[in-house]
Trainee: 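Here's a structure for you.
Letters A, B, ... are given to chains in the order of the sequence lines, protein chains preceding strands, and every chain is numbered from 1.
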Amino acid sequence: MKTDFIPLDYDYFDFQGRNYIRIIGRSSKGKRICIIDSCPVFFWAILKDEVDKEKIEKLMRKIAKIKIDAKGRNTRVEKVEAHSKNFLGKKVRALKIFATNYKDLHDIADELDFDEIEKRRGYDLGFITHYIIEKKILPCNWYEISGGILNNSLEFGGMDMAFNVDFFIKLEKAEKIDGVIFKPKIIAYDIETDEIQIGKGEILMISLISDGLKKVITWKKPGKFPDVEYVKNEAELLEKFSEYVKKISPDFLVGYFSDGFDLPYLKARAEELKVKLDLGLDGSEPKFSRGIELTGRIKGIVHIDLLKFIKTAYSQYMQSETLSLNEVAGEFLGEKKKEWKHKHSSKIEDDGWEKYYEYNLQDSVLVFRLFEKIWPDILEFSRVMSEPIFEISRNGMSKNVESYILHHLENFNEIPEKRAMHEEISKRMNLGKYEGAFVFEPTPGLYENLAVFDFTSSYGSTIVTYNLSKSTLLEKAEKDAHMIEISGEKFYFSKKPGFFPEMLREIIELRKKYKRELKINPDAIKMARSNAFKLLANAAYGYQGFFGARYYSREAAASTAAFAKKLIKEVIDLINAEKYKVIYSDTDSIAFPLGKKTEKQTLDFLKKLNSQLPGIMELELEGFFKRGIWVTTRAGKIGAKKKYALLGNDGKVKIRGFETVRRDWCPLARKMQDKVLRMILSSGNEKESLEYVKETIKKLNKRKIEKSELIIRTQLKKAILEYKSISPHVIAAKKMEEMKIPVSEGNIIEYYIAETKEKTKLVREKVKLPEEEGEYNIEYYLEHQVLPAVENIFQVFGVETKDIIDEHGKKQGKLSKWM
DNA sequence: GAAGTGGATATACC
DNA sequence: ACTGGTATATCCACTTC
């Protein structure tokens, strides 16, 4: 049989002691196809330099005889070959040792305690990754495949009969082709329960959205509500859900925080009610694996938890303060969740249920639309990293960098480095920090007509330019090498291109290429591809400094920061030498007023600068800005770093670091500061904004400010009991516990500071929950929220605090006097 | 018990 | 455990006089 095919979900099984890959995907005609394939199973033994040919042959014969009986399997070495390979950039002789089962490679490697062998590598990639590298059946790419159909066959123990697919094919040949645009079939789902703790309460309803399906299944309050389907009880609810999933047979089952809530909840309730939650294509139930977080896998259907992907791929560029579905959907779709105040189902009035159903349905609608929106990114991530969607949608960026490397090693004839084990990891973690980026101390003030330059992929370009990696680090000083001094110690890197910097060079080039193509002819896929490469380039530096990395190199990471620091300082000097005056710089950006120069002169100068930069280092214009403001730190007279506001020539305001952008300040202070900054930037003076602040303070004093504007939000980052220092939000969390409001690690705790009868000094003793009765503490909000947010800004104009709070211009003593 | 200081904590920047 | 370091600011916890 011959068909086109796009691989979506990979897993593997053992049959008669051997490993087989099972790939589930689709044809362009929408048929569900499962293919079975296998690949050579092997790892590498790297030989010591001095071992001669004769010894190698003897060793190979010895190794070829290895047989082990592990975990009830008889595994044996099938074949041994000698190869010339590279390991960490060095030429090595290595034995390629083939065995019958991937899972036993580690055990076989353990048997190889021969003197001739230096290292054993390539047994810890995971069979799926190993297979993809070997056979190049890449996820989310189109193939023309051919092979024999298994139809009620006993090959593989009759597995084809158990799988609910259109075709079950034993793969013989696969050829990559340009396929059509793939539009996956998905179900977005969401559940509502009585308790938050997994499995503790009943599941009241499940909503499902798919193409042509929009449904809430429930066993609760009946009535004539649109899109609601009734079943008898919770058990039937689960069965019905299962039935729909099977009927639709989606490629992806998509949820939001569904790894941590919806899917485990369904499983737990199914167990409790003795219902089989047979969602898998073979009728199997979802399986969970525990890393640091729970992940839920369904055989043949890719379970996607959008929250996880959004965290790694978007969160750093997002405005949302939390990654709640409500906020994220608001930002991506301009659409929000429906209003619903959660309460136990026993307390829901008869007329409340319709709202609850609508609420539940809307959540699935949002998940469905969110998926549609970010699908191009998921797809391109999978293609770029060459890893299945299940993996890339959950992995962090360091893992993605590593995937990219592993799938491209063979271009360099490289044997993969192993993952670090526990001991090595703790050793790396204990090394402490190295010196990082340079931040220029600004002189506080309001500046006009500014230019901002920044380095494109600064650290990535630095790694490429100076060839910085584990394999290019030289042990001794060499003449023709890249050298950097870090606090007295000199580090040398070879000029012979290493595979890591070379891969990164390609990543940066591809990113530029796709960005160019995007400009000419934009579409979502090009945008996604360009973005995936951008994220990869940006994560490469962090990867080398990450203790869990296979290609960890603290020296390379520290040198990257040091080289970049040295260069940006040199560039600042060059800019100053051109009669500009740099006023600020952070890591890879430089800001300076144009002074007497024109924009054109500045752009010409930028060109000249670029011609002088080493390697692939490149400066670009971030923008011209009409005005910018820098303030002092709270304590001293020195300029505050990482805190400024700019007004672009395009009218856009860019605010960094100020309380405005910090979620742990109350809305009143944030909004007021934002307005003040905008007023000052557009007018060039403080007059108008000062009046505005005085008005605000008056309102506060008259209690005319709504309590909702005074709610402070702080994240509870660990369990309440683990806190050594009991700060206001910890007290608020404790109060919530007492009131039986569920609180857990990671929650954003809301509270306000209230008036108290007793005179207490500690802020935490004035904490009240938003729903608690009480008057807000005027003094606290004035002195700890409103004034601190604007004091430093007005200071730039010589306006002092007393000028802000004293509308008559007279010095006042205690605040209470004029309150 | 007030004042000063360092530590713990949260959040932002790049 | 699941990229890195730099920086600001708040409030608590503790010491000192």
Trainee: For A:Y584, which contact category applies under a 4.0 Å heavy-atom criterion: base, sugar-phosphate, or nothing?
Mentor: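 Nothing: the residue A:Y584, judged by heavy atoms under 4.0 Å, touches no strand.
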
Trainee: When all nucleic acid strands are considered with a 4.0 Å heavy-atom cut-off, which category describes A:K717: base, sugar-phosphate, or nothing?
Mentor: base

Trainee: Contact class for A:F658 vs. all strands (heavy atom < 4.0 Å): base, sugar-phosphate, or nothing?
Mentor: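 Here A:F658 touches no strand at all.
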
Trainee: Roughly how many Å is it from CD in A:Q715 to P in B:dT9, rounded to a whole number?
Mentor: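 A:Q715 atom CD is separated from B:dT9 atom P by 14 Å.
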
Trainee: In whole angstrom, give the distance that lies between atom CD1 of A:I726 and atom P of B:dG7.
Mentor: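 In whole Å, B:dG7 P and A:I726 CD1 are 18 Å from each other.
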
Trainee: Could you pull out the closest heavy-atom pair between A:G746 and A:Q715, with the gap in Å?
Mentor: O-NE2, 3.1 Å

Trainee: Tell me: NZ of A:K642 to P of B:dA12, nearest whole Å?
Mentor: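 After rounding, the reported distance stands at 14 Å.
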
Trainee: Figure out the NZ/P separation between A:K643 and B:dT11, and round it to whole Å.
Mentor: 16 Å

Trainee: Between A:I720 (CD1) and B:dA10 (C1'), how many Å, whole number?
Mentor: 16 Å

Trainee: Under 4.0 Å between any heavy atoms, over every strand shown, what does A:G542 touch: base, sugar-phosphate, or nothing? Just pick one.
Mentor: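 Base contact.
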
Trainee: Quick one: A:R656 CZ to B:dT11 P, roughly how many Å, whole number?
Mentor: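 From A:R656 CZ to B:dT11 P: 18 Å.
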
Trainee: Distance-only, no hydrogens or angles: does the A:T312 side chain make a donor-acceptor pair with backbone N or O of A:F309 under 3.5 Å?
Mentor: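 Here the side-chain-to-backbone pair exists.
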
Trainee: With sugar-phosphate meaning primed atoms plus P, OP1 and OP2, does A:G548 contact a base, only sugar-phosphate, or nothing at under 4.0 Å between heavy atoms?
Mentor: nothing

Trainee: So if I take residues 553-561 of chain A and measure heavy-atom distances to DNA chain B, which residues fall below 4.0 Å?
Mentor: none

Trainee: Under a plain distance cut-off of 3.5 Å, with no hydrogens placed, do A:D377 and A:Y314 share a side-chain donor-acceptor pair?
Mentor: yes

Trainee: Should the ring pair A:Y551 and A:F499 be called parallel, tilted or perpendicular, given that the plane angle runs from 0 to 90° and is split at 30 and 60?
Mentor: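 Rings of A:Y551 and A:F499: perpendicular, as their planes differ by over 60°.
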
Trainee: Side chains of A:E659 and A:Q673: do they bring a donor and an acceptor to under 3.5 Å?
Mentor: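 Their side chains do contain a donor-acceptor pair, which is all the 3.5 Å distance test asks for.
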
Trainee: Check the pair A:H482 / A:Y466 against ring pair (Phe, Tyr, Trp, His ring centres under 6.0 Å), numbers first and verdict last.
Mentor: CA-CA 6 Å; A:H482 298 292; A:Y466 300 103; 5.6 Å; yes

Trainee: Between C:dT3 and B:dT9, how many Å separate the two P atoms, rounded to a whole number?
Mentor: 22 Å

Trainee: What residues form a ring-ring contact (aromatic ring centres under 6.0 Å, His included) with A:Y459, not counting sequence neighbours?
Mentor: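 Applying ring-ring contact (aromatic ring centres under 6.0 Å, His included) to A:Y459 gives A:Y541.
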
Trainee: Please determine whether a side-chain nitrogen of the Lys or Arg among A:E745 and A:K717 lies less than 4.0 Å from a carboxylate oxygen of the Asp or Glu.
Mentor: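 Between A:K717 and A:E745 there is no salt bridge, as every charged N stays at least 4.0 Å from the carboxylate O atoms.
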
Trainee: Tell me which residues in residues 659-671 of chain A lie within less than 4.0 Å of DNA chain B, going by non-hydrogen atoms.
Mentor: A:V661, A:R662, A:R663, A:D664

Trainee: For DNA chain C, note the earliest and the latest nucleotide, 5' to 3', having some atom under 4.0 Å of a heavy atom belonging to chain A.
Mentor: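 First-to-last contact on DNA chain C, by the 4.0 Å heavy-atom rule, is C:dA1 to C:dA13.
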
Trainee: Within the 3.5 Å criterion, strictly below it, is a donor on A:T560 or A:T462 matched to an acceptor on the partner's side chain?
Mentor: no

Trainee: If you take the centroid of each ring, where Trp contributes its six-membered ring, are A:F261 and A:Y256 closer together than 6.0 Å?
Mentor: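 No, they do not, as the ring centres are separated by 6.0 Å or more.
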
Trainee: Got a salt bridge between A:E380 and A:R529, using NZ or NE/NH1/NH2 to carboxylate O under 4.0 Å?
Mentor: yes

Trainee: Is the cationic atom of A:K766 (NZ for Lys, CZ for Arg) positioned less than 6.0 Å from the six-membered ring centroid of A:Y780 and within 45 degrees of its normal?
Mentor: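 Cation-pi check for A:K766 and A:Y780: fails.
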
Trainee: Does any donor atom in the side chain of A:E387 or A:S403 lie under 3.5 Å from an acceptor atom in the other side chain?
Mentor: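 Looking only at side-chain atoms, A:S403 and A:E387 do not form any donor-acceptor pair under 3.5 Å.
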
Trainee: Can you pull out the residues from residues 419-445 of chain A that lie within a 4.0 Å heavy-atom distance of DNA chain B?
Mentor: none

Trainee: Salt bridge check: are A:R297 and A:E391 linked by an N-O gap of less than 4.0 Å?
Mentor: yes

Trainee: Side chains of A:E620 and A:T456: do they bring a donor and an acceptor to under 3.5 Å?
Mentor: no

Trainee: Of the residues in residues 392-403 of chain A, which ones touch DNA chain C at a heavy-atom distance under 4.0 Å?
Mentor: A:G396, A:M397, A:S398

Trainee: Ignoring backbone atoms, test whether A:K641 places a side-chain nitrogen or oxygen under 4.0 Å from the OP1 or OP2 oxygen of B:dA12.
Mentor: no

Trainee: For A:K718, answer base if it contacts any base atom (sugar-phosphate contacts may also be present), sugar-phosphate if it contacts only those atoms, and nothing otherwise; contact means non-hydrogen atoms under 4.0 Å.
Mentor: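 If one applies the 4.0 Å heavy-atom cut-off, A:K718 turns out to touch the sugar-phosphate alone, with no base involved.
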
Trainee: Indicate yes or no: does A:K512 engage A:E618 in a salt bridge with an N to O separation below 4.0 Å.
Mentor: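 The answer is yes: the pair qualifies as a salt bridge.
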
Trainee: Whole angstroms only, please: what is the CG-P distance between A:N747 and B:dA10?
Mentor: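 Taking atom P of B:dA10 as the reference, CG of A:N747 is at 13 Å.
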
Trainee: For A:R634 and for A:Q316, locate the closest nucleotide of DNA chain C by heavy-atom distance; then report the residue assigned to the nucleotide nearer the 5' terminus.
Mentor: A:Q316

Trainee: Tell me whether the rings of A:H729 and A:Y723 are parallel (<30°), tilted (30 to 60°) or perpendicular (>60°).
Mentor: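 Taking A:Y723 first and then A:H729, their aromatic rings stand perpendicular (interplane angle over 60°).
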
